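The block underneath contains the structure these notes are about, expressed in structure tokens.
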Amino acid sequence: MFGIPGQSMKDWKDTVRQCIFLGPAHISLYSLQIEEGTEFYDLYKEGSLEKVPETIDREMYHTALKMMKSAGYIHYEISNCALEGRESRHNLKYWSYDEYLGMGLGASSFAGGKRFNNCKDMHGYLAAIREDVPPVDEESVEKYSEKEEMGIYVFTGLRKSAGISLEDFRKTFGRDLFDVYERGILGRYRGLLILADDRLYLSERGMDLSNRIMMEFV
């Protein structure tokens, strides 16, 4: 976690250095977000807590990535690095538009083109199991339009350093990406959003503006 009030660049480098020294197979790094309704937010509003400047926050992010890459870690997703072959298979399913089936109370699923959750109430969940029917909360079932699903595909796929395959988009939706979205977006984000070798992806600097760029596809 970086961008913590009072955290210096030296503190952050020491943290990253120690993390690398311990040799985990996978490292996630996140910038602190001060959210409304938290004690941090109240302190910030009353002026007794100073946020880390955006420029320092971004410097911390890129410094950590440089250190991790030098140590052999692959930056495979906006907030995640891993040793080769140790990327999170769990999260990659979400980012790659793969279907998944959640097991257990309240678990989420994406299957058969629908998104749904299991019952959150234990009694209802167990009753469905005893009756040999899917323990799905019917009110949670969501069926998005094709355009909405395309947006989800691109929004989540651009989180990966490898981005999205235009060929896979065509196979999934039967349309070319730039028949759906205007090609001018490449000019607006030149050097930040890259189209090469039939893949669309964010540059490392583009990841700093990822939310703004991704919203172009939603």
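None of these values were measured; they are calculated from a predicted model. Numbers here are sequence positions counted from 1.
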Q: Find the distance between OH (Tyr73) and CG (Leu83) and round it off to the nearest 0.5 Å.
A: 4.5 Å

Q: State the CD-CD distance between Glu59 and Glu54, to the nearest 0.5 angstrom.
A: 12.0 Å

Q. For Glu139, what residues pass the side-chain hydrogen bond (donor to acceptor under 3.5 Å, both in side chains) criterion, not counting sequence neighbours?
A. none

Q.
Count I, L, V, M, F, W, Y as connected when their side-chain heavy atoms are under 4.5 Å apart, and connections chain through other members. Are Val52 and Leu43 then in the same cluster?
A. no

Q. Run the side chain to side chain contact (heavy atoms under 4.5 Å, CB included) check on Glu216 and Arg188 step by step: do they pass?
A. CA-CA 11 Å; Glu216 297 268 6; Arg188 288 199 298 277; 3.0 Å; yes

(Q) Can you confirm whether or not the ring centre of Phe40 sits under 6.0 Å from the ring centre of Tyr44? (A) no

Q) Leu32 and Pro5: which non-hydrogen atoms are nearest, and at how many Å? A) CD2-CD, 3.6 Å

Q. How close do Ile20 and Ala71 get, heavy atom to heavy atom, and via which atoms?
A. CG2-CB, 3.5 Å

**Q.** cation_pi(Arg58, Tyr61) dist<6.0 Å, angle<=45
**A.** yes

Q) Between Lys143 and Lys114, is any pair of side-chain heavy atoms under 4.5 Å apart? A) yes

Q. Is any NZ, NE, NH1 or NH2 atom of the basic residue among Arg170 and Asp198 found under 4.0 Å from an Asp or Glu carboxylate oxygen of the other?
A. yes

Q) Salt bridge or not for Lys45 and Asp42, using N-O below 4.0 Å? A) no

(Q) Could you check whether Asp168 pairs with Lys171 (Lys NZ or Arg NE/NH1/NH2 to Asp/Glu carboxylate O, under 4.0 Å)? (A) no

Q: Examine the side chains of His75 and Asn80 and answer whether a donor and an acceptor come within less than 3.5 Å of each other.
A: no

Q: Check the side chains of Glu46 and Ser48 for a donor-acceptor pair under 3.5 angstrom, ignoring hydrogens and angles.
A: yes

Q: Find out whether the Lys NZ or Arg CZ of Lys160 is both under 6.0 angstrom from the six-membered ring centre of Tyr201 and within 45° of the ring's axis.
A: no

Q. Under the criterion ring pair (Phe, Tyr, Trp, His ring centres under 6.0 Å), which of Tyr181, Phe155, Phe178 is the partner of Phe217?
A. Tyr181

(Q) Test ring-ring contact (aromatic ring centres under 6.0 Å, His included) on Tyr97 and Phe110; report intermediate values, then the result. (A) CA-CA 9 Å; Tyr97 200 71; Phe110 171 43; 5.4 Å; yes

Q. Under a 4.0 Å N-O cut-off, is there an ion pair linking Glu142 with Arg115?
A. no

